[in-house]
Amino acid sequence: AALSRRYVLCEVLSEDPRCRQCIEDRAVGLAVREAIGRVHGDYGLACCSISFTVKYLNAYTGTVLLRCRKDSYRLLCSALPFVRHLESRNQRYPCVLNTLHVGGTIRTCQKFLIQYNRRQLLLMLQNCTNEEERQCIQKSLLSCSLTEEQSQSGDEEDDGGTE
């Protein structure tokens, strides 16, 4: 039987612009595991660690997609507000993880993210100060759609139960 999974879509928010450079799989994974350990102890950490992985991240947008087992996603989600920083090369960058969406497939998270980005861009469009900025944002809005190549990525339901 295939293992049920949950995908948790988050965004890394930070006042420190240097934080972007340490948004990498290892740093995010460590910060999340450390928070789970603090909030839920060894047992919670063990439950969440099975099948937990950073599935996708985009340092430019600060978007992170985490994967865990369906039966432990509540433990994971409840620990995310306790992530206070990301660590890279012995530097700590204060940040918070804002949970945007929890889905059963990568695809549903992608669809949510496209809608979310579109809403954010529309808000930016309303606050434009000049025509050049307006055209840039409108161009970005037009690119907010799933391309054929993305939908054929093959990483949709990787629930082969290999773990």
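Atom set for the values below is all heavy atoms of this structure, side chains included, hydrogens, waters and symmetry mates excluded.
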Atom CD of E131 with >12 non-hydrogen neighbours under 6.0 angstrom: yes
For D42, does the CG atom sit with more than 12 other heavy atoms under 6.0 Å from it, leaving out its own atoms? no
Decide whether V54 and I23 are clustered together by the hydrophobic rule: side chain heavy atoms of Ile, Leu, Val, Met, Phe, Trp, Tyr closer than 4.5 Å, transitively. yes
Side chains of I106 and Y56: closer than 4.5 Å at any heavy-atom pair? no
Taking all non-hydrogen atoms of both residues into account, name the closest pair between Q138 and L125 and its distance. CG-CD1, 3.9 Å
So which heavy atom on C109 is nearest to which on L9, and how close? O-CD2, 3.8 Å
Please confirm whether the backbone N or O of P94 pairs with a side-chain atom of S14, one donor and one acceptor, at under 3.5 Å? yes
Give me the atom names and distance for the closest heavy-atom approach of A59 to R20. O-CD, 3.0 Å
Do L100 and C10 come close enough that some side-chain heavy atom pair is under 4.5 Å? no
Output for pair (L76 CG, R33 CZ), nearest 0.5 Å, gives 10.0 Å
Can you tell me how far apart CG (L80) and CG (N98) are? Round to the nearest 0.5 Å. 10.0 Å
Cluster link L30 to L66, ILVMFWY, side chain under 4.5 Å: no
First locate atom CD1 of I114, then atom CZ of R119, and finally report the distance between them rounded to the nearest 0.5 Å. 12.0 Å
If you count the non-hydrogen atoms of other residues, nucleotides and ligands that lie under 6.0 Å from CZ in R38, is the total more than 12? yes
Should Y93 and L57 be counted in the same cluster of Ile, Leu, Val, Met, Phe, Trp and Tyr side chains packed under 4.5 Å apart? no
Check whether any side-chain heavy atom of T99 lies under 4.5 Å from a side-chain heavy atom of V8, and answer yes or no. yes
Could you walk me through whether Y7 and V102 pass the side-chain contact (heavy atoms from CB on, under 4.5 Å) test, one step at a time? CA-CA 6 Å; Y7 295 89; V102 177; over 6 Å; no
How is the hydrophobic cluster of V96 composed, in terms of its other members, when Ile, Leu, Val, Met, Phe, Trp and Tyr link through side-chain heavy atoms under 4.5 Å apart, directly or indirectly? L13
With a 4.5 Å heavy-atom cut-off, do S51 and R67 have their side chains touching? yes
Backbone N/O of L75 and side chain of S72: donor-acceptor pair under 3.5 Å: no
Between CZ of R74 and SG of C68, what distance do you get to the nearest 0.5 Å? 10.5 Å
Starting at OG1 of T61, measure out to CG of L113 and round the result to the nearest 0.5 Å. 7.0 Å
Is any side-chain heavy atom of T108 less than 4.5 Å from a side-chain heavy atom of K111? no
So, does R69 use its side chain to make a donor-acceptor pair with the main chain of R6 at under 3.5 Å? no
Any R118 side-chain heavy atom under 4.5 Å of Y116 side chain: no
State yes or no: do V32 and L45 share one hydrophobic cluster built from I, L, V, M, F, W and Y residues joined by side-chain heavy-atom distances below 4.5 Å, directly or via other members? yes
I'd like a table of donor-acceptor pairs (distance under 3.5 Å, sequence neighbours excluded) in which one partner is a side-chain atom from residues 82-90, with atom names and distances.
residue	atom	partner	partner atom	Å
R84	NH1	P81	O	3.0
H85	NE2	R92	NE	3.3
E87	OE1	R92	NE	3.1

